[in-house]
**Q** 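This structure is in structure tokens; I'll ask about it shortly.
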Amino acid sequence: MKTLASHRRLGHTLALAFTLGAIADPAGAQLPAVQTQGEVHYLSGGIGSDESEAIKAARDAYSLTLTLAGKSEGRDVYLSSVPVTIRDAAGHTVLEVTTSGPYLLVELPAGRYEISARYAGEEKKTSASITAGKPQRLSLLWPRANAQPQAGAATSTTSPAIGLSAGAGLATGTSTGTGAAATTVATAVLPAAASAASGALPPINTQGGIPYLSGGIGSDESAAMKAAASRYSLSVTLAGTQDGRNVYLSSVPVTVTDANGGVVLDVISSGPYLLADLPPGRYRVSARFQDEEKSAEARVAAGKSARVSFLWKGKP
């Protein structure tokens, strides 16, 4: 016999599914099914332009949206079938799934979470500080993804592709490999309009209403980040020294607090550069690398870009 708690969870799931269906693509596109793991509700997908647009329309109904993308032959590509793990501040796993497309939408209670995902043997991590009523959008970008065939073309390896249809979104591709051992790691070229607008820049994320992006891995992305720095009110550079030479750093936890000590940004960098668009005011920027914390004050003024650089000597 079902308990009262299980009935309540079922009711919440059905109510959430109904709400999301109501705001789905007006052309009638269906969202992927809402699923539950423990107490966490989530959905994943974005394969096909209709489903992609429906998921984008539903993002604000969830506290966290995670987008998974990579680079292939100089092009941005979406990724699917990526294992993702979300842990709470106590280190407990609250969600462990393999994505069914480039988007993962999760409804999480307020709190701080660590997010990790693995693609092609490379793990990426980031963090999220969830606040009620403030949906967050995060992206994980792998600098090298599998090379892709044309849309709809079959591939002879166990890494199938999802090609791009004209316009926006993803078009269904062809899976290869047979039996239980077949691998389904799907990618697709991002819409041309998005690539043209951002050049080699990584995706823009938001945390608590603060837009930011992080990256700078590879010469093209590094140059694009430097060129974009003046468009953001805060620019952070992370570097160290090795054998007497300066080296750039990645996967560095960075926290930005306001004049009252409130955390406005808490992220793990995806490269040596972090750009954020903060309101005018005084902030303290802190970063930790190999157990050594550095901090600096940043004064953000309208129309100006504050720049902070951290250098860990003798590291890595």
Side-chain angles (χ1 to χ4, degrees), residues 6 9-10 12-17 19-21 24 30-48 51-52 54-70 77-130 135-142 145-146 158-162 169-170 172-173 175 177 180-188 203 205 207 268 270:
S6 64
R9 286 196 297 270
L10 177 60
H12 179 80
T13 302
L14 292 175
L16 182 60
T19 301
L20 292 175
Q30 296 296 314
L31 284 167
V34 178
Q35 303 184 61
T36 303
Q37 189 175 114
E39 300 293 331
V40 175
H41 303 284
Y42 71 95
L43 64 85
S44 179
I47 296 176
E51 184 175 283
S52 177
I55 286 180
K56 290 178 182 178
R59 288 179 297 188
D60 286 346
Y62 285 83
S63 55
L64 174 66
T65 296
L66 184 65
T67 303
L68 305 162
V77 295
Y78 280 135
L79 305 177
S80 182
S81 299
V82 177
V84 176
T85 302
I86 300 177
R87 295 182 175 88
D88 62 19
H92 300 138
T93 299
V94 297
L95 185 65
E96 189 169 23
V97 299
T98 298
T99 64
S100 301
Y103 300 111
L104 175 64
L105 278 58
V106 189
E107 183 57 36
L108 295 167
R112 191 179 189 280
Y113 298 88
E114 298 294 330
I115 304 163
S116 61
R118 181 172 293 275
Y119 170 75
E122 182 180 358
E123 186 178 35
K124 292 284 186 181
K125 294 182 179 181
T126 188
S127 60
S129 295
I130 301 298
Q136 290 194 37
R137 299 176 186 178
L138 302 176
S139 300
L140 292 176
L141 178 67
W142 283 261
N146 294 337
T158 57
S159 296
I162 300 177
L170 305 177
T172 304
S175 296
T183 302
T184 308
V185 178
T187 64
N205 302 309
Q207 187 177 111
I268 297 176
S270 299

**Q** Show the nearest heavy-atom pair for residues Ser116 and Glu123, with the distance to one decimal.
**A**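 Smallest heavy-atom distance, with atoms named: CB-OE2, 3.4 Å.
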
**Q** Write down the atom of Ile47, the atom of Ser80, and the distance for their closest heavy-atom approach.
**A**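 Shortest heavy-atom separation between Ile47 and Ser80 comes out as CD1-OG, 4.2 Å.
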
**Q** Please name all residues satisfying side chain to side chain donor-acceptor pair (under 3.5 Å) with Thr67, sequence neighbours left out, ordered by chain then number.
**A**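 Expected list: none.
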
**Q** Tyr62 versus Ile55: any side-chain heavy-atom pair under 4.5 Å?
**A**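 Side-chain contact under 4.5 Å: no.
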
**Q** For the CG atom of Leu140 and the CG atom of Leu104, what is their distance to the nearest 0.5 Å?
**A**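 Leu140 CG to Leu104 CG: 10.0 Å, rounded to 0.5 Å.
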
**Q** Does the side chain of Trp142 reach to within under 4.5 Å of the side chain of Lys124, using non-hydrogen atoms?
**A**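 Yes; the side chains approach each other to less than 4.5 Å.
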
**Q** List for me each residue that meets side chain to side chain donor-acceptor pair (under 3.5 Å) alongside Arg118, sequence neighbours excluded, and say none if there are none.
**A**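 None.
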
**Q** Only one of Asn205, Thr126, Thr65 clears side chain to side chain donor-acceptor pair (under 3.5 Å) with Ser139; which?
**A**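 For Ser139, the side chain to side chain donor-acceptor pair (under 3.5 Å) test succeeds with only one of Asn205, Thr126, Thr65, which is Asn205.
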
**Q** Going from CG on Leu138 to OG on Ser270, what distance comes out if it is rounded to the nearest 0.5 angstrom?
**A**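 Leu138 CG to Ser270 OG: 9.5 Å, rounded to 0.5 Å.
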
**Q** Using modelled atom types and a 3.5 Å cut-off, is there a donor and acceptor pairing between side-chain atoms of Thr99 and backbone atoms of Ser44?
**A**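 Checking the backbone N and O of Ser44 against the side chain of Thr99, no donor-acceptor pair under 3.5 Å is found.
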
**Q** In Å and rounded to the nearest 0.5 Å, what is the CD to OG1 distance from Glu96 to Thr85?
**A**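 Interatomic distance, Glu96 CD to Thr85 OG1, rounded to 0.5 Å: 4.0 Å.
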
**Q** Do you see a donor-acceptor pair shorter than 3.5 Å between the side chains of Tyr78 and Tyr103?
**A**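 Per modelled atom types, Tyr78 and Tyr103 side chains form a pair under 3.5 Å.
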
**Q** If only atom types and distance count, is the side chain of Gln35 paired as donor or acceptor with the main-chain N or O of Leu43 below 3.5 Å?
**A**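 Flag not set: sc Gln35 to bb Leu43 has no pair under 3.5 Å.
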
**Q** When you compare the side chain of Leu95 with that of Leu108, does any pair of heavy atoms fall below 4.5 Å?
**A**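 Not in contact.
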
**Q** Identify the heavy atoms of Leu64 and Ala128 that sit nearest to each other, and give their distance.
**A**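 Smallest interatomic distance, heavy atoms only, reads CD1-CB, 4.4 Å.
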
**Q** Would you say that Tyr113 contacts Val106 through its side chain, given a criterion of any heavy-atom pair below 4.5 Å between the two side chains?
**A**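 No - every pair of side-chain heavy atoms lies 4.5 Å or more apart.
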
**Q** Could you check whether any side-chain N or O of Glu114 sits under 3.5 Å from a backbone N or O of Ser127, counting only pairs where one atom can act as donor and the other as acceptor?
**A**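 Not a single qualifying donor-acceptor pair exists.
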
**Q** Between Asp60 and Arg137, is there a side-chain heavy-atom distance shorter than 4.5 Å?
**A**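 Answer yes - side chains close enough.
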
**Q** Rounded to the nearest 0.5 Å, what separates atom CD1 in Ile130 from atom CD in Gln207?
**A**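 If I round to the nearest 0.5 Å, the distance is 8.0 Å.
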
**Q** Which pair of heavy atoms, one from Val82 and one from Ala117, lies closest together, and at what distance?
**A**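 Shortest heavy-atom contact: CG1-CB, 3.9 Å.
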
**Q** Check whether any side-chain heavy atom of Pro32 sits under 4.5 Å from a side-chain heavy atom of Glu51, and report yes or no.
**A**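 The answer is yes, as the side chains (C-beta and beyond) meet within the 4.5 Å cut-off.
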
**Q** Between Pro203 and Leu141, which heavy-atom pair has the shortest distance, and what is it?
**A**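 What the structure gives for the nearest pair is CD-CD2, 4.0 Å.
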
**Q** For a quick test of reading the model, state the closest non-hydrogen atom pair linking Glu107 to Ser63 and the distance between them.
**A**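 Looking at all heavy atoms of both residues, the closest pair is OE1-N, 3.2 Å.
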
